[in-house]
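Notes follow the structure.
Order of listing sets the numbers, starting from 1, for every ligand and every atom in it.
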Amino acid sequence: MSEASIYQQLRGHLAYLRLSAAAEALPAQLEHAAAHHAGHSAFLERLLAVEVAAVETRRRASLDRFASLPAPWRLADFDFDAQPSIDRALINELATLRFLEDATNVLFIGPPGVGKTMLAVGLARASIDAGYRTYYTTAADLVARCHRAALEGRWATTMRFFAGPRLLVIDEVGYLPLANEAAAALFQVITTRYMKSSTVLTTNLGIASWGKIFDDPMVAAAMLDRLLHRSVVFNINGDSYRMRAHRARSETLRNARTQPAKE
Ligand code: ADP
Ligand code: MG
């Protein structure tokens, strides 16, 4: 067989196997191998490395899209000095993602604006970057989705969906009261994940007030039981970061106004 037809066959194999990045890189890699008198293994290694890198990039992009994070926040951007009630060492420990290995849950409890969502999203970001399937939802969205699923006969599929991610963030539990059906949906999601995969949950309600958002205090108790069984809990009691920034701005404006105008 001539060089040219071998080359065509090889292109054909790569296309058939859908190794499109390798196919595209083939001419350059052949040239490189010839120029450097590379052996067969070295050539093949370089060619396949191109495909591996392309697959990896696609996989990251798809994990990223799937996760649906609401903001690009990273743990590194969190200003710990502004929120001294947060144990920085504990956050750093969580950032290693060892907690995913034994399905530990993380609860961020605190009033609005103290960085609960930012920390939850930061952990989710770290988990995506480490290649774990990760998913962000608010409690309201989760409940609405389960409600639709129940109506459309897709309950089991939806439960499998929420059981799937290695890390699930459920943001803003407690902002809205959850009626029986909604509470049951949240309860079942937490139960399907219990002891299998980690859930990060944020709430404005102290654990003692959980009974209030659920009509059925038994459901609230059972849910907390599963969540807390293996968990790390942050009780954040500080000023709202937004208000802080707002106050600082007002302060600057006020000072500017009271300062005598310079010539
Ligand atoms: P929560 O979810 O507790 O209501 P967020 O996480 O949404 O609060 O934080 C509110 C806003 O303040 C966001 O824009 C967030 O990035 C910012 N923020 C809050 N805490 C901090 C912090 N310690 N360092 C940097 N930004 C913060
Ligand atoms: Mg929030």
*Evaluate the ring planes of Phe234 and Phe108, with Trp represented by its six-membered ring, and classify them as parallel (under 30°), tilted (30 to 60°) or perpendicular (over 60°).*
parallel
*asked:* Would Arg125 pass as a cation-pi partner of Tyr136, given that its NZ or CZ must be under 6.0 Å from the six-membered ring centre and within 45 degrees of the axis?
replied: no
*Which segment of Phe80 sits under 4.0 Å of ligand 1 when only heavy atoms are counted*: neither
*Drop me the distance from Tyr132's OH to Leu97's CG, to the nearest 0.5 angstrom.*
6.5 Å
*Using 30° and 60° as the class limits, which term best fits the ring planes of Trp210 and Phe214: parallel, tilted or perpendicular?*
tilted
*What do you reckon, does Asp79 have a nitrogen or oxygen under 3.5 Å from a nitrogen or oxygen of ligand 1?*
yes
*Quick check: does any side chain N or O of Thr191 sit under 3.5 Å from a backbone N or O of Val189, one acting as donor and the other as acceptor?*
no
*Before accepting this row, confirm whether a basic side-chain N of the pair Asp64/Arg60 lies closer than 4.0 Å to the acidic partner's carboxylate O.*
no
_My understanding is that we take every heavy atom of each candidate and find the minimum distance to atom 2 (O) of ligand 1. Doing that for Asp81, Thr117, Asp77, which one comes out nearest?_
Thr117
*Tell me whether Thr117 has at least one N, O or S atom under 2.8 Å from the Mg ion (ligand 2).*
yes
*Provide the closest heavy-atom pair for Asn105 versus Thr199 in the form atom of the first, atom of the second, distance.*
OD1-N, 2.9 Å
*If you count the atoms of ligand 1 from 1 in the order shown, which ones are under 4.0 Å from a heavy atom of Gly115?*
1 (P), 3 (O), 5 (P), 6 (O), 8 (O), 9 (O), 19 (C), 20 (N)
_Taking 4.0 angstrom as the limit and counting only heavy atoms of Pro112, give me the atoms of ligand 1 inside it, by number and element._
4 (O)
*Would you call Val114 a ligand 1 contact, heavy-atom distance under 4.0 Å?*
yes
*Has Gly110 got any heavy atom lying under 4.0 angstrom from an atom of ligand 1?*
no
*Check each of Lys116, Met118, Gln83 against atom 16 (O) of ligand 1 and report the one with the nearest heavy atom.*
Met118
*Does Phe78, backbone or side chain, put an N or O under 3.5 Å from an N or O of ligand 1?*
no
